[in-house]
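Naming convention: chains lettered A, B, ... in sequence-line order (proteins, then strands); numbering from 1 in each chain.
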Protein chains: 2
Amino acid sequence: MSQNKRAELIRKALLLFYRNGFHATGMDLVAKETGVSKTSIYKHFRTKEELVLAVLRLRDENFRNWLYRRMEELAETPGDQLLAMFDALGEWFVEDGFKGCMFIKASAEFQEREHAINVQAYEHKRLLVDHFEKLARDAGLSDPHRVARQLLILKEGAIVVAAMSHAEASAAEAKATAITLLRS
Amino acid sequence: MSQNKRAELIRKALLLFYRNGFHATGMDLVAKETGVSKTSIYKHFRTKEELVLAVLRLRDENFRNWLYRRMEELAETPGDQLLAMFDALGEWFVEDGFKGCMFIKASAEFQEREHAINVQAYEHKRLLVDHFEKLARDAGLSDPHRVARQLLILKEGAIVVAAMSHAEASAAEAKATAITLLRS
DNA sequence: GATTTCATTAACAGATCGGTCCACATTCAT
DNA sequence: ATGAATGTGGACCGATCTGTTAATGAAATC
């Protein structure tokens, strides 16, 4: 299997897991939908868990790249970029395939805290917070670490509310909260 | 099976589903751990889904009762009670069995938005928002509905962050955000 | 062109899934 | 005591789960 086909397999598996959930998506379905036989899949991933981890790595890369780029496109200064994150999220919420945060869902399905999947999901959030903190520091805010974590809470909350109730408004509400936060 | 045993079954099933997840907890395990045979379980619940729904009803009742009572115990005025919610959440986060929000996890595992389980999870959040809104109105805040939804976002975000990283600090961070919000 | 190598596939394990059937134990009215 | 009714548990059902094996096809090397 070429590197291309491997990447394509991960890409398609991501869509399946995102749409149907991890436990609810069997490897037979993955094989059928990707057109790659189970034997070939298991040649490259020793277990389903390894495939899930590869999918989460791809998701982390895609999501952070998209979010960071969109934040830069929507605002100039670091402070405005932090606020623009919620505009970017609002765009995501109204996309057709939006189904909430894949890492929250992964964390919900694999509960043991030591589990590699949970560790990776947490790593994704840590990278986000680090980025927020850098922006907050560049914006000259007094407690960048604290602000970054508060913004993470607002982001996660907005995603959860949007996923459960199709309430695109949650992005705007979280942004309004962030504005009062950054002005305080 | 008496009404008592039925309630006991739901109570024990709740712990299993909360700890292990819904799909990952089979009915055989439920039978084994509750000491009730599958035949008896299926006499009272036609499907696993019905049992899950009963569990979520119990969880909704328990959680809201606990939260509302704790908010009242911790603060006198409606405005302070809204803030005290985050102190109550902080107490929850450090409890031994804390594993995040059961409704977020249910919603993550049963994705179809029309699914009865999702509808019920959303109903839980709606009842919370209604309560927040009532308190916000009693506190004389200018836009109670908006504030209530912003507080919901903060609550969900704090829970998600706490569940993924054992960061009890998230309750305090969310509270600090809420304070700036209510003062603005 | 023969042979080695590798990838792919269908079929198959063994376990577990949600859900059912049946034989039996218990209770109750007669 | 006896018959009907009810509740219970363990064995069982087909489907599906993750993961493997054996046979096949194609491509590459000599």
K.L.:
Over how many whole Å does the gap from B:N20 atom CG to C:dT16 atom P extend?
P.N.:
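Nearest whole value for this atom pair: 14 Å.
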
K.L.:
Send over the distance from B:E109 CD to C:dC17 C1', rounded to a whole Å.
P.N.:
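Computing the B:E109:CD to C:dC17:C1' distance gives 14 Å.
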
K.L.:
Please tell me whether B:H124 and B:F63 form a close aromatic pair, meaning their ring centres lie under 6.0 Å apart.
P.N.:
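Between B:F63 and B:H124, which both carry aromatic rings, the centre distance is below 6.0 Å.
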
K.L.:
Ignoring hydrogens and geometry beyond distance, is the side chain of B:K48 in donor-acceptor contact with the base of C:dG19 at under 3.5 Å?
P.N.:
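Answer no: no donor N or O sits under 3.5 Å from an acceptor.
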
K.L.:
B:D28 CG to D:dC17 C1': how many Å, rounded?
P.N.:
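After rounding, the reported distance stands at 14 Å.
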
K.L.:
Looking at C:dC21, D:dT18, C:dT8, which one has an atom nearest to any side-chain atom of B:T39?
P.N.:
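From the listed options, C:dC21 comes nearest.
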
K.L.:
Could A:R64 and A:D60 be called an ion pair, given the rule that one side-chain N must be under 4.0 Å from one carboxylate O?
P.N.:
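Answer for the salt bridge query: yes.
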
K.L.:
What integer distance in Å separates A:R46:CZ from D:dT18:C1'?
P.N.:
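Result: 14 Å.
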
K.L.:
Looking at A:E76, I want to see if its CD is surrounded by more than 12 non-hydrogen atoms of other residues, nucleotides or ligands under 6.0 Å.
P.N.:
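At most 12 heavy atoms, drawn from other residues, nucleotides or ligands, come within 6.0 Å of this atom.
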
K.L.:
What's the NE2-P distance between B:H44 and D:dG7, to the nearest Å?
P.N.:
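Nearest whole value for this atom pair: 7 Å.
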
K.L.:
So does B:S37 reach the base of D:dG10 with its side chain, donor to acceptor, closer than 3.5 Å?
P.N.:
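Counting by modelled atom types and ignoring angles, no donor-acceptor contact under 3.5 Å is found here.
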
K.L.:
Rounded to the nearest angstrom, tell me the gap between atom CG in A:L29 and atom P in D:dG19.
P.N.:
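Result: 16 Å.
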
K.L.:
Which nucleotide in the set C:dT20, C:dT8, D:dT18 lies at the smallest distance from any side-chain heavy atom of A:Y42?
P.N.:
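Closest nucleotide to the A:Y42 side chain: D:dT18.
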
K.L.:
Could you please name the option among D:dT18, C:dG18, C:dA7 that lies closest to any side-chain atom of A:K43?
P.N.:
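Among the listed nucleotides, the one closest to the side chain of A:K43 is C:dA7.
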
K.L.:
As a test of reading the structure: which of C:dT20, D:dT8, C:dC17 is closest to the side chain of B:K38, going by heavy atoms?
P.N.:
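When the side chain of B:K38 is considered, C:dT20 is the closest of C:dT20, D:dT8, C:dC17.
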
K.L.:
Check the pair A:D130 / A:K134 against salt bridge (Lys or Arg N to Asp or Glu O under 4.0 Å), numbers first and verdict last.
P.N.:
CA-CA 6 Å; A:D130 285 355; A:K134 183 179 172 303; over 6 Å; no

K.L.:
Decide, yes or no, whether a salt bridge links B:E156 with B:K125 under the criterion of side-chain N to carboxylate O below 4.0 Å.
P.N.:
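A salt bridge links B:E156 with B:K125.
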
K.L.:
Rounded to whole Å, please give me the gap between NE2 in B:H23 and C1' in C:dT16.
P.N.:
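Rounded to the whole Å, the gap is 14 Å.
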
K.L.:
Give the rounded distance in Å between these two atoms: CZ of A:F22 and P of D:dT18.
P.N.:
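Nearest whole value for this atom pair: 13 Å.
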
K.L.:
So, does the side chain of A:T47 form a donor-acceptor pair with the base of D:dT18 at under 3.5 Å?
P.N.:
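A donor-acceptor contact between them is absent.
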
